[in-house]
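Working notes, structure below.
So that the names make sense, note that chain A is the first sequence line, chain B the second, and so on, each numbered from 1. Since the model is a prediction, treat every value here as computed from it, not as a measurement.
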2 protein chains.
Amino acid sequence: MRYKRSPLMEERLADNRQRILVSARKLVAEGGFRAAQIAAVAADAGLSTGSIYRYFPSKADLFVEVLGEAVKHEIEILRTIAKSEGTAADRLRRAVESFARRAFEGPFLAYAFIAEPAEAEVDIARIRARREFGNVFKSILKDGIASGEFPAQDGDVASACIVGAFTEALIGPIGPTHRGERHREQVIATISLFCLRAVVGPAVLAPRAGARSPRRRNTA
Amino acid sequence: MRYKRSPLMEERLADNRQRILVSARKLVAEGGFRAAQIAAVAADAGLSTGSIYRYFPSKADLFVEVLGEAVKHEIEILRTIAKSEGTAADRLRRAVESFARRAFEGPFLAYAFIAEPAEAEVDIARIRARREFGNVFKSILKDGIASGEFPAQDGDVASACIVGAFTEALIGPIGPTHRGERHREQVIATISLFCLRAVVGPAVLAPRAGARSPRRRNTA
DNA sequence: TCACGAAATGAATGTAGATTCACTTTTATT
DNA sequence: AATAAAAGTGAATCTACATTCATTTCGTGA
């Protein structure tokens, strides 16, 4: 006969699953993917290695989900900013600064999601995630271009540049080396300023002779 | 008694060593670090796995050297551009475009050196390399600031932003999801334009009220 | 309380690939 | 040519984990 799970049991199982996710995220945040073996996750979650596999079919699946959750949360925050009141420039600045500030708080998590290698599946999920981040910035750019605040520019490339600019600038201070607590706000401000200037751009800079000018694309 | 190696032998050994490096680079260029196991490198170089270890103490050492050679070459090119004639803006543009164009030519190699995960030691070497790239850009920035071409700005952060911007923007077209060949020059132009605008910056953009303004730093 | 299915366990197994080393071949020295 | 050092070989070993599965423990329904 098939047994039905009591509500209490149901809850406990859901709780286990959640705890696994939390432990996995925590381990990644503290020491990168390198530190997040199944055995370690299991230990942290208070379960055995075998049990992990009752909840997730494989390590890759587990971490794709961990990455997904974290990204979803981050994207929500960015979207909220993107949709808020204010000039496009201001929203862009707030978005960059918010992201950067949060990255400072969970350095290794950010590092792992931004730079550290992992299983192929996770790599793919990561690239998707970056594109999603880029898309949010792209939407802000589009607004700004439409309103005439920003000059016409390729949103795909520019948004990738923005994401790249601040991740790279953050990895310096974040990664294995630096950690300067003091600079923090200073660095964040410099980064956002860099991105803003790049996007607003001085009219002066016409593409030189030989180059095909980057005309407005996908103005969907 | 210790034997002395004949010049011919000396040469053959040096040749082996070089062939190992070349094979390793080639495998990475073709299939990323994933495809570059010691056995594969050995096979490609026409040696046995054991022999690899006569030339390099470990896989990590081998790949740190492979990375190092490639970086050295790239840095030389960038330095040449940085020291060449022309306005700082022009040199910056040429540097960015040269790098980007070369990355397009050896996508896997660039991807591996820019983004693919690998041994910890290699990761560290990669970060060092990025910093070196950054330094070249920083020197151009410094010139531009000194000459009044660019507004005062934090060279460390700005150069990191530049490196990040173009690497990230390249990973899209370069990485696992490489699509259209056509955009190429267009993408390159857009990237360099982005960096130029960021650095030249519209005077308009005064930092908003609350923020500590990023004042001129290390104007060494 | 019993009997059975679900869940949990963790030692054993599997796997991928780096690294070693006893042995073979080549080279230098006499 | 004889001898010993170097260099080369590749199967065997080691390492680091993910994954499995026979066994145990727990929860459910009678």
Side-chain angles (χ1 to χ4, degrees), chain A residues 1-21 23-24 27-28 31-66 112 116-123, chain B residues 1-21 23-24 27-28 31-66 112 116-123:
Chain A
M1 182 222 277
R2 220 124 235 301
Y3 288 164
K4 210 175 123 239
R5 291 192 292 223
S6 72
L8 185 67
M9 192 58 185
E10 197 83 60
E11 192 183 314
R12 192 176 331 193
L13 291 185
D15 189 63
N16 278 350
R17 190 172 199 284
Q18 192 54 33
R19 220 169 44 256
I20 292 171
L21 286 168
S23 293
L27 287 172
V28 171
F33 282 116
R34 286 185 212 295
Q37 310 95 326
I38 289 292
V41 173
D44 190 274
L47 291 168
S48 65
T49 61
S51 296
I52 302 288
Y53 287 86
R54 184 173 294 281
Y55 295 91
F56 298 91
S58 77
K59 191 193 181 188
D61 284 82
L62 166 57
F63 281 96
V64 165
E65 188 161 336
V66 168
E116 204 189 14
E119 350 267 80
E121 288 190 51
V122 177
D123 259 11
Chain B
M1 184 221 281
R2 285 207 95 65
Y3 288 171
K4 210 175 121 243
R5 291 191 290 225
S6 73
L8 186 68
M9 192 58 186
E10 196 84 61
E11 193 183 314
R12 190 173 339 196
L13 291 186
D15 188 63
N16 279 349
R17 191 171 199 284
Q18 192 54 33
R19 221 171 42 258
I20 293 172
L21 285 169
S23 293
L27 286 172
V28 170
F33 283 117
R34 287 186 210 293
Q37 310 95 325
I38 290 292
V41 172
D44 190 273
L47 291 168
S48 64
T49 60
S51 295
I52 302 288
Y53 287 86
R54 186 172 294 283
Y55 295 90
F56 298 90
S58 77
K59 190 194 182 190
D61 284 82
L62 166 56
F63 282 96
V64 165
E65 189 160 335
V66 168
E116 204 189 13
E119 350 265 77
E121 288 191 51
V122 176
D123 264 9

NZ on A/Lys4 to CD on A/Glu10, rounded to 0.5 Å: 9.0 Å
Touch class at under 4.0 angstrom, heavy-atom based, for A/Tyr55 against every strand present: sugar-phosphate
Rounded distance in Å - CZ (A/Arg54) to P (D/dC21): 14 Å
OP1 or OP2 of C/dG10 under 4.0 Å from side-chain N/O of A/Ser48: no
Nearest-Å distance for atom pair CD1/P, residues A/Ile38 and D/dT20: 11 Å
5'-most by nearest nucleotide on DNA chain C - B/Arg2 or B/Pro57: B/Pro57
side-chain N/O A/Arg12 vs C/dA7 OP1/OP2, d < 4.0 Å: no
Integer-rounded Å distance: C/dG17 P and B/Gln37 CD: 5 Å
Per B/Arg5 side chain, nearest of listed nucleotides D/dA7, C/dT29, D/dT28: D/dA7
Value in whole Å for how far the P atom of C/dT29 lies from CE of B/Met9: 12 Å
Nearest-Å distance for atom pair CG/P, residues B/Leu13 and C/dT26: 15 Å
From B/Tyr55 atom OH to B/Leu47 atom CG, the distance as rounded to the nearest 0.5 Å: 6.5 Å
Distance in angstrom units between A/Lys4 NZ and D/dC26 P, rounded: 23 Å
side-chain N/O B/Ser51 vs D/dA7 OP1/OP2, d < 4.0 Å: no
Side-chain N or O of A/Asn16 closer than 4.0 Å to phosphate OP1/OP2 of C/dA7: no
Value in whole Å for how far the P atom of D/dT25 lies from CG of A/Leu47: 17 Å
Inter-residue atom distance B/Ile20.CD1 - B/Ile52.CD1, 0.5 Å rounding: 4.0 Å
Flag side-chain contact, heavy atom, 4.5 Å: B/Asp15 against B/Arg19: yes
Nearest-nucleotide pick for B/Thr49, side chain only, options being D/dA7, C/dA7, D/dG10: D/dG10
Options C/dA18, D/dA18, C/dT30, nucleotide nearest the side-chain atoms of B/Lys59: C/dA18
DNA chain D: 5'-proximal contact among A/Ala39 and B/Tyr3 (nearest heavy atom): B/Tyr3
Sub-4.5 Å side-chain heavy-atom contact between A/Phe56 and A/Arg17: yes
Proximal nucleotide (of C/dA28, D/dG8, C/dA8) relative to the B/Ser6 side chain: C/dA28
Between C/dA28 (P) and B/Glu10 (CD): distance, integer Å: 10 Å
